[in-house]
Amino acid sequence: MLGRWFKKVFSQPKQQSQDIEKSKKQQDAQSINPSLPRTLLLLKDQFGQSPDFTVRSLSGHPAEPSGMAVCYFAGLIDRKLLTNLIEGLIHEDSDNNQNQTNPSQMASRLLEKLPSGHMQIIRNEDQLFTEILSGSAVIIINNCPFALAVMISGGARRSVEEPSSQTVVRGPKEGFTEDITTNIALVRRKIRSPKLKFETHDIGQLTHTTVVLAYIEDVANTDVVKEINLRLQSIDTDSILESGYIEEFIQDTPLSPFPMIIDTERPDTVAGSLLDGQVAVLVDGTPFALIAPVTFFNFFQTPEDYYQRYDISTFLRCLRLVAFLVSLLLPSLYIALTTFQQEMIPTTLLISLTAQREGTPFPALVEALLMEITFEVIREAGVRMPRVIGPAISIVGALVIGQAAVEAGLVSGAIVIVVSFTAISNFAIPYFSMSSAIRLLRFVLMFLAGFLGLFGILAGLIPLLAHLLSLKSFGVDYFMPFGPFFKSNMKDLVLRAPWWAMKTRPHEKSGKNRMRQAPYQYPKGTSNRLDDMKESEQ
């Protein structure tokens, strides 16, 4: 009910007006004027006095019958490719003057002979502006009713480096960059199959951001691919600056604190998800790709789980789930037990806790809130501070939390241990979006424990579990494989089975091709093989 009300209030039905506006824009799209001087005036009027906008005339005065010019933004193009392009244009221009060909024939010859792999014809002004702003060099020929756009985008870009937010001990060290072409290449190097598909969307009325949907044909669920495509096409906004914009526009249950989409900087994570039947969304200008659909347990799995032994991976997954429970429940349990249910604490420990809290002026709830909020402020400050003074903040935080507050009698020593262990457990959760959700829910449970004790915690956990069971991510149940139960998916959940045992892809996420590998992949070993050879010889 609450979700429907918010949807009604915040997303007013404007489909009809949007359709009218789109048709009006299409009608307003002006064709390119064949006169080269007038087109150049139009471009200079649009881009003003931008110092990086360059117009290079190739055939004398633009008003001459054989006039030709190349327009581009200097910071958006590759200078080496531009030099090759201009050399080719000069060569073709000399042939044109010798043979006296008309402008349209000249443009056709350029399309055939210029040394560029990506050229297209532009017929209206909006497309002309968009191509120049996207890093294309636009060739305009006098008395020609269309222009040619040559994609030679380049300029200063960050090289491929190790991801800063998702590091691994064993595994590839490469991460996505802000350039979407590089990111697509990083994925394609890992999945060298023609079935790997990329579909492009142009989103943002002002930013015209390139958004790419990636999936593997037959492996991905076609309904999910269609649904994500529809949601991407329905986005009508001014700007897309980061994949977080896309995530909020397309995710299910936007009011839920739990993330419905995974974001990652790692190409191997995207490749692994695509091979499991999931879909990835890459956004130009950001190193974070989105993966959908996901389940709750995907947020406790890392790519490193698949690169090391299955028994170690299983142990680490169990450890992460314990860290999740500690991060969510430990402060609220401390408040409930020390305030309402003291009889559940062993006598020796209760005497020690009572002695520590004897001089503190606040109840356990206020004490815990003070410490949690202080830690959150220090963590936020540590993220925003320059790296040079980051250690100083850590020292101040440690002194404030660990020593000064206890010595001043504001808080007890026990709550310092509780908050510290809770914070460390929160860092053990692999994905930041899930750990942030737990940070918020922890405060809710602390308030419930402060007023109702353990019954308050239960009153919070039961609706939370019901909420998790009701969630869906692009049609896939969020709490799968427990709700609904799928036995085949249990091989890669908390327990990670060996690779030779994981024959099928996850249920519900994948499409019709569910077989991951051939059966009977169990390794026989050298000794067994030698025994077989001896038996065959006998």
Side-chain angles (χ1 to χ4, degrees), residues 1-7 247-248 251-263 292-301 317-341 344 364-365 368-369 371-373 375-376 418-419 421-486 489-490 493-494 508:
M1 288 293 290
L2 188 63
R4 288 180 185 173
W5 182 80
F6 270 94
K7 190 176 180 182
E247 183 179 352
E248 292 199 11
Q251 69 176 351
D252 293 272
T253 326
L255 299 179
S256 172
F258 293 101
M260 296 285 113
I261 295 174
I262 280 180
D263 59 284
V294 295
T295 65
F296 175 76
F297 296 98
N298 286 144
F299 290 91
F300 300 95
Q301 299 168 352
R317 284 185 182 180
C318 293
L319 211 61
R320 287 182 209 125
L321 284 173
V322 171
F324 159 73
L325 293 174
V326 168
S327 177
L328 182 66
L329 294 173
L330 186 60
S332 53
L333 282 175
Y334 172 81
I335 295 168
L337 293 178
T338 54
T339 309
F340 294 98
Q341 282 85 23
M344 295 183 70
L365 174 62
L369 284 175
M371 294 304 295
E372 283 288 347
I373 291 171
F375 177 76
E376 292 292 337
V418 168
V419 171
F421 191 52
T422 304
I424 292 168
S425 300
N426 194 260
F427 287 124
I429 298 167
Y431 290 95
F432 184 74
S433 52
M434 179 56 82
S435 64
S436 301
I438 295 166
R439 282 160 62 190
L440 288 178
L441 293 170
R442 185 195 307 149
F443 281 97
V444 176
L445 291 176
M446 284 167 62
F447 275 108
L448 290 172
F451 290 107
L452 297 171
L454 289 177
F455 298 105
I457 296 175
L458 281 176
L461 287 180
I462 291 170
L464 198 64
L465 186 61
H467 176 65
L468 281 172
L469 288 167
S470 69
L471 292 177
K472 282 182 181 288
S473 172
F474 297 91
V476 174
D477 294 282
Y478 196 60
F479 218 61
M480 191 189 69
F482 289 113
F485 182 75
F486 290 108
N489 288 14
M490 301 299 282
L493 192 70
V494 179
E508 275 203 2

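Residues T422 and V419 fail the side-chain proximity criterion, which asks for heavy atoms closer than 4.5 Å. Put simply, the side chain of N426 does not reach to within 4.5 Å of the side chain of V326, judged on heavy atoms. R442 is listed as a side-chain neighbour of S327, based on a closest heavy-atom distance under 4.5 Å. Annotation: side chain of I457 is not in contact with side chain of L452 (no heavy-atom distance under 4.5 Å). Two residues are said to be in side-chain contact when any heavy atoms from C-beta on lie closer than 4.5 Å; L468 and Y478 meet this criterion. The shortest side-chain heavy-atom distance between T339 and L365 does not fall under the 4.5 Å cut-off. Using a 4.5 Å heavy-atom threshold, the side chains of K472 and D252 count as separate.
The two residues A336 and G453 have their closest heavy-atom pair at CB-C, 3.6 Å. When all heavy atoms are compared, the tightest approach of D263 to S433 is OD1-OG, 3.9 Å. Minimum interatomic distance between L369 and M446 (heavy atoms only, all atoms of both residues): CD2-CE, 3.7 Å. When all heavy atoms of P257 and L441 are compared, the pair lying nearest together is CG-CD2, 4.1 Å.
Going from atom CG of L493 over to atom CG of N298 covers 9.0 Å, rounded to the nearest 0.5 Å. To the nearest 0.5 Å, the span separating OG on S473 from CD1 on I262 amounts to 9.0 Å. To the nearest 0.5 Å, atoms OG (S332) and CG (L461) are separated by 7.5 Å. Distance check, rounded to the nearest 0.5 Å: CZ of F474 to CD of Q251 gives 8.0 Å. Expressed to the nearest 0.5 Å, how far CG of L445 lies from CG of L458 amounts to 10.5 Å. Taking CE from M260 and CZ from F258, the interatomic distance works out to 8.0 Å, rounded to the nearest 0.5 Å.
Considering F427, Y431, F300, F299 as possible partners of F324, the one that fulfils the ring-ring contact (aromatic ring centres under 6.0 Å, His included) test is F300. L471 pairs with exactly one of V476, T295, T253 by the side-chain contact (heavy atoms from CB on, under 4.5 Å) rule, that one being T253.
Listed by first and then second residue, the ring-ring contact (aromatic ring centres under 6.0 Å, His included) pairs that reach into residues 438-465 come to none, sequence neighbours excluded.
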What's the verdict on side-chain contact (heavy atoms from CB on, under 4.5 Å) for D477 and L469, showing C-alpha distance, side-chain angles and the deciding distance?
CA-CA 8 Å; D477 294 282; L469 288 167; over 6 Å; no
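Ring centers of F479 and F297: under 6.0 Å apart, within the cut-off. Aromatic rings from F421 and Y334 are positioned such that their centres are separated by 6.0 Å or more.
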